[in-house]
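Since the structure comes first, as structure tokens, the remarks are kept for the end.
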Amino acid sequence: MVQGKAFVKDQGKFQQFKVVYSDSYHGLLSAESVIFARLDNVTSVVLESLFTFSACHVTAVVESATLHRTRLYGRSKGIFALSLNVFGPEDQGDIIGDRLANASAFLQHPCFLEDGYEYYNPQYFYPNNKMTYLTHLIGLSESELKAKRLSDEVEGVLASLDEMPFLDSDNVDGFSLDSIVTPLK
């Protein structure tokens with residue numbers, strides 16, 4: 001039996017492993033170039049649609065704490081959660097996104113990204129079709145992401161107040177304040 005902690009390479013919160021194809025499945029490659037974990041069949045089928053891109057590669061990201069708690073061989077199946085980061089040329093992002101969508105797979109914000117990379121999601125809705133990097137969203141949980149969106153919206157509203165002209169307090173664009181019949185508290 002091998003403990004998952006044997007595959008922890010450094011003291012970081014996350015460990016990264018190259019995802020490779022071997023004998024009809026995709027697996028995680030250790031630093032010693034040994035496949036030590038196998039991806040589920042559904043994920044493996046989805047990844048097959050990407051491996052026709054020579055410049056595209058996939059990295060598995062696993063929390064170090066998860067590996068410390070996992071036995072990988074023996075009676076235990078050694079099932080553990082991971083995240084897959086898909087890397088490829090930016091100009092092929094839309095094609096990669098379409099291939100994933102055709103396989104019913106949809107990209108989420110990554111929990112971790114190695115320094116030196118910018119993150120962009122070809123499946124993300126960009127207002128006015130203007131693609132922007134989403135690197136600032138890396139590592140946010142779903143609740144943190146919702147809170148950030150709300151905070152950004154509030155910030156936008158408050159910023160717009162700075163741009164409003166001073167208004168006549170008795171008459172706003174032909175609207176008289178006398179027409180308000182609800183008492184304000």
Side-chain angles (χ1 to χ4, degrees), residues 7-10 12-31 33-67 79-157 159-160:
F7 297 101
V8 175
K9 299 178 276 192
D10 57 45
K13 182 177 180 182
F14 296 100
Q15 302 297 311
Q16 297 182 86
F17 303 97
K18 184 176 182 178
V19 175
V20 296
Y21 184 77
S22 175
D23 298 327
S24 75
Y25 68 89
H26 289 85
L28 278 55
L29 198 63
S30 72
S33 297
V34 174
I35 295 177
F36 71 93
R38 179 179 171 167
L39 296 180
D40 64 277
N41 291 337
V42 173
T43 303
S44 197
V45 168
V46 169
L47 291 181
E48 284 179 27
S49 67
L50 296 182
F51 278 88
T52 59
F53 290 96
S54 60
C56 182
H57 70 278
V58 179
T59 300
V61 177
V62 184
E63 279 190 85
S64 298
T66 299
L67 285 174
I79 297 172
F80 56 90
L82 57 81
S83 175
L84 297 176
N85 289 350
V86 178
F87 297 90
E90 191 174 312
D91 63 344
Q92 293 182 4
D94 289 333
I95 297 168
I96 291 169
D98 290 344
R99 288 222 182 149
L100 288 170
N102 290 338
S104 298
F106 301 96
L107 299 169
Q108 306 296 313
H109 300 308
C111 61
F112 173 80
L113 186 63
E114 190 176 347
D115 288 341
Y117 289 97
E118 291 287 348
Y119 162 59
Y120 125 87
N121 184 338
Q123 295 175 333
Y124 193 78
F125 173 75
Y126 294 94
N128 303 322
N129 267 347
K130 183 172 172 26
M131 188 282 293
T132 57
Y133 291 113
L134 304 170
T135 310
H136 63 285
L137 299 176
I138 293 171
L140 297 179
S141 68
E142 195 61 35
S143 61
E144 291 170 326
L145 187 57
K146 287 178 185 176
K148 177 153 181 37
R149 284 186 191 135
L150 180 61
S151 173
D152 290 347
E153 288 294 323
V154 169
E155 183 179 326
V157 168
S160 72

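- Looking only at side-chain heavy atoms (C-beta outward), Pro110 and Val61 stay at 4.5 Å or farther from each other.
- Pairing each heavy atom of Cys56 with each of Val86, the nearest pair is SG-CG1, 3.9 Å.
- With rounding to the nearest 0.5 angstrom, the OG atom of Ser83 is 10.0 Å from the CD atom of Gln16.
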Stepwise side-chain contact (heavy atoms from CB on, under 4.5 Å) test for Ile35 and Tyr25: CA-CA 11 Å; Ile35 295 177; Tyr25 68 89; 4.2 Å; yes

Please table the atom pairs, donor to acceptor, closer than 3.5 Å between any side-chain atom in residues 87-107 and protein atoms at least two apart or in another chain.
| from | atom 1 | to | atom 2 | distance (Å) |
| --- | --- | --- | --- | --- |
| Glu90 | OE1 | Tyr133 | OH | 2.6 |
| Arg99 | NH1 | Ser49 | O | 3.1 |
| Arg99 | NH1 | Thr52 | OG1 | 2.5 |
| Asn102 | ND2 | Asp98 | O | 3.3 |

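- Every residue meeting the side-chain contact (heavy atoms from CB on, under 4.5 Å) condition with Asp40, not counting sequence neighbours, appears here in chain and number order: Val42, Thr43.
- Residues Leu29 and Val34 form no side-chain contact, since every pair of their non-hydrogen atoms from C-beta on lies 4.5 Å or further apart.
- Considering OG of Ser30 and CZ of Phe17, their distance stands at 8.0 Å, rounded to 0.5 Å.
- Here the OG atom belonging to Ser33 is positioned 8.5 Å from the NZ atom belonging to Lys18, to the nearest 0.5 angstrom.
- Side chain of Ser44 to main chain of His26: a donor-acceptor pair is present (N/O by atom type, distance under 3.5 Å, no hydrogens or angles).
- Nearest approach of Ala60 to Val19, heavy atoms of both residues: N-CG2, 3.7 Å.
- By the 4.5 Å heavy-atom criterion applied to side chains, Phe80 and Glu63 are not counted as neighbours.
- Not counting sequence neighbours, Thr59 has no partner by the side chain to side chain donor-acceptor pair (under 3.5 Å) test.
- A side chain to side chain contact (heavy atoms under 4.5 Å, CB included) with Val58 holds for exactly one of Leu39, Val20, Asn85, Leu84; it is Leu84.
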